[in-house]
Amino acid sequence: MRLTDFFLPTIKENPKEAQIASHRFMLRAGMIRQSSAGIYSWLPLGFRVLKKIEQIIREEMDRAGCQELLMPTIQPAEIWRESGRYDVYGKEMLRLIDRHDREMLYGPTNEEMITEIVRSSIRSYKDLPKNLYHQQWKFRDEVRPRFGVMRGKEFLMKDGYSFDVNKESAINSYNKMFIAYLRTFARMDLKAIPMQADTGPIGGDLSHEFLVLAETGESEVFCHKDILNFEVPGPDTDYSTDLQPIVDKWTSLYAATDEKVDVSKHTEIGASLVSARGIEVGHIFYFGDKYSKAMGATVAGPDGNDITLEMGSYGIGVSRLVGAIIEASHDDNGIIWPDAVAPFKVGIINLRVGDKSCDIACEETYTKMRDQYVEVLYDDRNESVGVKFADMDLIGLPWQIVIGPRGLKEGKVELKNRSSGVKEELSINDALNNILG
RNA sequence: CGGAGCGUGGCGCAGUCUGGUAGCGCACUUCGCUGGGGGUGAAGGGGUCGUAGGUUCGAAUCCUAUCGCUCCGACCA
């Protein structure tokens, strides 16, 4: 993509409303624009990152045996009356009335809807277990949205739901998600720590929140420092084996959010206690028959008698992750994208647009990378170099290739790694090989 | 939902106290110089001062209402 074609409205000054790094950089880098409080448009650069995150989640969910579907944003009030949550949920639920005076709502979550789908389609224990998920926009009418996409009213969430015939099987489904979550966040270069959590309005008795440690986290968290170095299960993890030992290991040491604090543990752990702030990026629940019972979701068991389904639900804040990743990875100049979610892998800076040797070298580099399907953004604008360097650092692409007349006299370009800051003078081909290798 | 603020050109702000018909920086447009970290000179374009009503000869400025947004707290993926 040529920058003269790409829609990238960057901002030099800090918007005054943005208090934290991720919000500031997302606005400045032209990733998002606010529409109204807590509601944002995703501009091309931000949208590319969002899609990358979605895809990683998709791959890890599918690998763990889940299946993706898509449920609507607007739901009928009836199913929420059935579960009993219509009156409980309060003002955070955006309620709507259609032209036939039918009560509708913009879904804040989908337990009722998925239960409705499964109960009407699955009749036999032989069809279970199943784990279904979607990545859909949700709406919660937050009293006070803040921190940009980290706490918006409208947000993209991956929510999955497991259905099993008994508790043992349900816990196995829960464990699969536990592992899949560790893998998902690790692929985004995030250190997400599973912590005991409150189950809140969703209910249930087994639940973990996954928190990314960051100074700007919304909640105070505590954990044993050794958890930070636990090894994340690899891509070859076999989900058909017993996963309990891995889950047991990850839950063996103390880790809790402020709502589940156990002060006696703190004195016990002593110097190994880590006290930090965390951003919640995932939350998993096992809640048994809370919804299946209320909504009559049953299947026929081997003996012909009805079995009430055992359920769990599993959320990941997809849009929030964009902010969380930036909080975890930035410097004073801007964002530093991990490779896996970067909107482009490489940025080419033409230091002297109009200079024949520069233009030719840039075009050649750009074409070569495109031919190899490397995602590349070519800054071909006729701007001063300072502007180009500043914008490139701001948008945080992992690699920068800087091409100017001075280096070209020696047949060299400069390859800069955004994360390490290391710069090397190389031939165009060596630079390409470094990036591809 | 409690508390505190702010709405003036695309962005950041001054002007409001003490009424006299709008200004600064950045950005933008054109041209020139410059050319390895937000360079520079000249010439331009763009605002019924959030909205509505009121007071006044006259309102960005005073009064009333209303809408929007932000920050702190309580709440939450």
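From a predicted model like this one, the values you see are computed outputs, not experimental measurements.
- For A/Ala390, the listed nucleotide lying nearest its side chain is B/G38; candidates were B/C76, B/G36, B/G38.
- Between the side chains of A/Asp380 and A/Thr4, at least one donor N or O lies within less than 3.5 Å of an accepting N or O.
- Taking only distance into account, the side chain of A/Arg28 never meets the base of B/C11 through a donor-acceptor pair shorter than 3.5 Å.
- With B/G36, B/A77, B/C75 as the candidates, the nucleotide lying closest to the side chain of A/Val143 is B/C75.
- Here the shortest heavy-atom pairing between A/Tyr366 and A/Met1 reads OH-N, 3.0 Å.
- Across the protein-nucleic acid pair, A/Phe147 atom CZ and B/U70 atom P stand 12 Å apart, rounded to whole Å.
- The nucleotide B/G12 finds its pairing partner in B/C24, both defining distances of the Watson-Crick or G-U wobble pair being shorter than 3.5 Å.
- Of the C1' atoms belonging to B/A42 and B/A4, the separation is 47 Å, rounded to the nearest Å.
- Side-chain to base pairing of A/Asp355 with B/G35: no donor and acceptor N or O lie closer than 3.5 Å to each other.
- B/G10 and B/U48 have their P atoms separated by 9 Å, given to the nearest Å.
- Nucleotides B/G7 and B/A14, compared at atom C1', are 15 Å apart to the nearest Å.
- B/A59 is unpaired under the criterion used here, namely a Watson-Crick or G-U wobble arrangement in which both key atom distances are under 3.5 Å.
- Put simply, CZ on A/Arg151 is 10 Å from P on B/C75, counting in whole angstrom units.
- Atoms CZ (A/Arg146) and C1' (B/A74) sit 9 Å apart, rounded to a whole Å.
- Distance, A/Lys16 NZ to B/C13 C1': 9 Å, rounded to whole Å.
- Nucleotide B/U18 is matched to nothing when pairs are restricted to Watson-Crick or G-U wobble geometry with both distances under 3.5 angstrom.
- Within the 4.0 angstrom heavy-atom criterion, only backbone atoms of the sugar-phosphate kind lie near A/Gln19; the bases stay farther away.
- When both pairing distances are held under 3.5 Å, B/C6 makes a Watson-Crick or G-U pair with B/G68.
- Within 4.0 Å (heavy atoms only), A/Leu351 reaches at least one base atom of the nucleic acid.
- Distance, A/Leu43 CG to B/G10 P: 18 Å, rounded to whole Å.
- Judged by Watson-Crick or G-U wobble contacts below 3.5 Å, the nucleotide B/U30 has B/A42 as its partner.
- Between A/Trp80 and A/Tyr89, a ring centre-to-centre spacing shorter than 6.0 Å is recorded.
- Spacing between atom CG of A/Leu211 and atom C1' of B/C76 amounts to 13 Å, rounded to whole angstrom units.
- Across B/A52 and B/A59, the matching C1' atoms stand 15 Å from one another, rounded to whole Å.
- Aromatic ring orientation, A/Phe185 versus A/Phe210: tilted (interplanar angle from 30° to 60°).
- Here CZ of A/Phe139 is found 4.0 Å from CD1 of A/Ile39. Values are rounded to the nearest 0.5 Å.
- Residue A/Arg144 has its side chain nearest to B/C71 when only B/G36, B/C71, B/C69 are considered.
- Rounded to whole Å, the separation between the P atoms of B/G9 and B/G47 comes to 11 Å.
- Rounding to whole angstrom units, CD of residue A/Glu17 and C1' of B/G7 are separated by 13 Å.
- Nucleotide B/A74 forms no Watson-Crick or G-U wobble pair with any nucleotide shown, as no partner meets the under 3.5 Å limit on both distances.
- Across all strands shown, B/G36 forms no Watson-Crick or G-U wobble pair with both distances under 3.5 Å.
- Atom CG of A/Asn382 and atom P of B/U34 are 14 Å apart (whole Å).
- Scanning atom types as modelled, no donor and acceptor separated by under 3.5 angstrom connect the side chain of A/Glu383 and the base of B/G38.
- Listed nucleotides B/G35, B/G38, B/U70 differ in distance to A/Gln34; the shortest reach to its side chain belongs to B/U70.
- Rounded to whole Å, the C1' atom of B/U18 lies 39 Å from the corresponding atom of B/C1.
- Of the P atoms belonging to B/G20 and B/G5, the separation is 25 Å, rounded to the nearest Å.
- Comparing B/A22 with B/C31, their P atoms sit 31 Å apart, to the nearest whole Å.
- The cationic group of A/Arg48 lies under 6.0 Å from the six-membered ring centre of A/Phe344 and within 45° of the ring axis, placing it in a cation-pi geometry.
- Screening A/Val281, A/Leu156, A/Asp159, A/Leu321 for a side-chain contact (heavy atoms from CB on, under 4.5 Å) with A/Ile316, the sole residue that qualifies is A/Leu321.
- In this structure, A/Phe155 forms an aromatic stack with the base of B/A77, since both conditions hold: centre separation below 5.5 Å and plane angle below 30°.
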